[in-house]
Amino acid sequence: MEDLIDKNSDQDKGKKGRKVRQTPDSLQKFRSVVARAQEGAGADKVAAQKAKGKLTARERITYLLDENTFHEIGSLAVTRCTDFGLKDKAILGDGVITGFGKINGRDVAVFSEDFTQLGGSLGLTHATKIAALMDKAIASRCPMIGILDSGGARIQEGVDSLDGYGHIFRRNVEASGVIPQISIILGPCAGGAVYSPALTDFTFMVEGISHMFVTGPDVVKAATGEQVDFDTPGGSEPHSSKSGVCHFVAKSEPDCFRQVRELMSFLPQSRFDRPPMGDSYDPVDRPVPLLEKICGINPRKSYRMHHIIWWLADEHKFFEVHQNFAKNATVGFIRLGGEVVGVIGNNPAHMAGALDIHSSDKIARFIRFLNCFNIPVLSLIDVGGYWPGVEQEHGGIIRHGAKIIFAYSEASVPKISLILRKAYGGAYIAMNSKYLGSDFNFALPSAEIAVMGPRGAVEILYRKDIKNAPDDQKEAAREKLSQEYADKFASPYQTASTGSIDEVLEPCTVRHRLIQAFRLLRNKRVPGQSTPRGNIPL
Ligand code: HXC
């Protein structure tokens, strides 16, 4: 391998050993080295990769980036370890391609692990290349995208490869909240390797191709006797719907790269920038008839919050995050009047939109991401409370639910709420209520804002009266008292009278009012409040 990268070849020296201009020979040598670096591990390995339905590491970069924008760095770095047969297997690039390119005309740093070279395993050179790239991305304030396809720590390199992950994890944390970080899992991702993606902001997986686990099937079998396949603990389905590790699932690799590019269109380059403005041809004062409909339906009837979001958003475009995880909350990106807005909604179609452990984590982490990257927050509220039960209490709903309160209170970006129907009790307070520091709190005429729902309130306030009523009149008493309670509280007017709601809106004006309010808040500054230092995994 040394002969390929020997810079002091005699061909490059003049009579007295002085350097002279490059000769055609040196150029020829250079070109052959570059060609070897480009060709990777050879036809057999590439065929094996293709047989698994996977693209090569270089093809992936081509799909991800704008055409002809990739500039590679570190292509000639070589595996340094020679133990356990690595001397003969040493490879140019050390199993990872690193460099810079553009997405939608904007700079990004990207690395792509090459499974055909030593299983994409991470040795010291491999890790050093990724770490150096991350340093440059942080310094030049551009997003970092990692494409992972690796057997994990390179076993032959021992502790050096474990330390390699240490280098990367530390930089993931340094970059957190400073530049957007995206992980694309396109193969195995095992052992400690999963923790770098977990430290980044968003993780993508592809059905049937991506796997993430701390302990793979062999270790599970040895430790517990349980026989599992790759998909059960680590496929895209469990990680996108149960663990919440994965934010986006794609059907194929090209579909995945399309989704990454779309996500990037909503993100700023760094915490020092604003997200890109879009060209919107959607009239700012377009009415949203669905909101009028909400005012007329039975308050117990469920609906998908997605419909409200689609109708509010410019061109009806909603880029949903965590689509399959904690479906009782709906979060993602939209544009309003061209400006990027992060939207958070309770989703009555799932668990009546109640807050639980998973949705608390989902909402809180999303708010914290938005706050790091100067993206305003719109909260669409229809929530009866926290999901009750021993399972939730023992699982720590108090600890997890508190994260929403922390995230909203901490966020200094513009924050606006619209209460559509229910906003009861602790969930009313947690969901961006006025005194958590919200900028504007709007409500539809259908809003019901109270400590709890009428039936529950009446059972507590009038327990004795109901108990003492004759059996055949108990239900009528409940109904009458519930109605009295509802007349007082099941409207936004009591709350508007105290200033906790800024304005009750005519439904057909909502889109216009929201756009006006976000424009007003565009240069919002909160004295003494700084951007948080990092987007810790919650
Ligand atoms: C060195 C590795 C490797 C590794 C794979 N290879 N993983 N080499 N270190 N970790 C090599 C194989 O030897 C093989 O080399 C080539 O990559 C392809 O691997 P195959 O096994 O043939 O491929 P496949 O059948 O597709 O299986 C892929 C795999 C399996 C599921 C990833 O290789 C595997 O289980 N690897 C170990 C995964 C693991 O336990 N990683 C955790 C390491 S510890 P040849 O020369 O034959 O082509 C860890 C802790 C980090 O990561 C902690 C950080 C804090």
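The structure presented is a predicted model; accordingly, all values stated were derived computationally and were not measured.
If you check the side chains of Asn432 and Ser438, you find a donor sitting under 3.5 Å from an acceptor. In the model, Asp201 has a side-chain atom that pairs as donor or acceptor with a side-chain atom of Asn535 under 3.5 Å. Of the N and O atoms on the side chains of Ser280 and Asp314, at least one donor lies less than 3.5 Å from an acceptor on the other residue. Ser161 and Arg154 form no side-chain donor-acceptor contact under 3.5 Å, judged by distance and modelled atom types alone. Checked by atom type, the side-chain pair Thr69/Asp66 shows no donor-acceptor distance below 3.5 Å. Looking at Ser252 and Asp255, their side chains never bring a donor and an acceptor atom within 3.5 Å of each other. The closest side-chain donor-acceptor pair between Gln323 and His247, if any, does not fall under 3.5 angstrom.
Taking the centre and axis of the six-membered ring of Phe272, the NZ or CZ atom of Arg141 falls inside the cone set by 45° and 6.0 Å.
A salt bridge links Arg60 and Glu253; the closest N-O separation between the charged side-chain nitrogens and carboxylate oxygens is under 4.0 Å. A salt bridge between Lys242 and Glu237 is present, with a side-chain N of the basic residue lying under 4.0 Å from a carboxylate O of the acidic one. Between Glu410 and Arg368 a salt bridge is recorded (basic side-chain N to carboxylate O distance below 4.0 Å). Contact check on Glu174 versus Arg170 returns a salt bridge, with a Lys/Arg side-chain nitrogen under 4.0 Å from an Asp/Glu carboxylate oxygen. A salt bridge is absent between Arg58 and Asp114; no separation between the charged side-chain nitrogens and carboxylate oxygens falls under 4.0 Å. Comment: Lys221 does not engage Asp218 in a salt bridge, judged by the lack of any side-chain N to carboxylate O separation of less than 4.0 angstrom. Glu393 has no carboxylate O lying under 4.0 Å from a charged side-chain N of Arg399, or vice versa, which leaves the two without a salt bridge.
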> Step by step, would you call Tyr386 with Gln392 a side-chain contact (heavy atoms from CB on, under 4.5 Å)?
Replying inline: CA-CA 9 Å; Tyr386 283 89; Gln392 287 288 310; over 6 Å; no
>> Is there a side-chain contact (heavy atoms from CB on, under 4.5 Å) between Arg271 and Cys372? Walk through the geometry before answering.
In response: CA-CA 6 Å; Arg271 68 185 286 186; Cys372 287; 5.7 Å; no
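The aromatic rings of Phe257 and Tyr63 sit parallel to each other, their planes meeting at less than 30°, with 60° as the upper class boundary.
Sorted by first then second residue, the ring-ring contact (aromatic ring centres under 6.0 Å, His included) pairs that include residues 394-414, not counting sequence neighbours, number zero.
Every residue was checked against the ring-ring contact (aromatic ring centres under 6.0 Å, His included) condition with His239, not counting sequence neighbours, and none meets it.
Separation of atoms CD (Gln259) and CD1 (Ile182) is listed at 11.5 Å; rounding is to 0.5 Å. Atom CZ in Phe325 sits 7.5 Å away from atom NZ in Lys362 (nearest 0.5 Å). Going from atom CG of Asn441 over to atom NZ of Lys434 covers 5.0 Å, rounded to the nearest 0.5 Å.
If you look at Phe319 and Phe248, their ring centroids are closer than 6.0 Å. For Phe366 and Phe333, the ring centers sit closer than 6.0 Å to each other.
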For residues 73-80, tabulate all N or O donor-acceptor pairs below 3.5 Å that involve a side-chain atom, not counting sequence neighbours.
from  : atom 1 : to     : atom 2 : distance (Å)
Thr79 : OG1    : Ile91  : N      : 3.4
Thr79 : OG1    : Asp94  : OD1    : 2.6
Arg80 : NE     : Thr125 : OG1    : 3.3

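Remark: of the listed residues Thr98, Ile97, Ile145, Ile147, Thr98 is the sole one forming a side chain to side chain contact (heavy atoms under 4.5 Å, CB included) with Phe111.
Side chains of Val249 and Glu207 form a contact here, defined as non-hydrogen atoms less than 4.5 Å apart.
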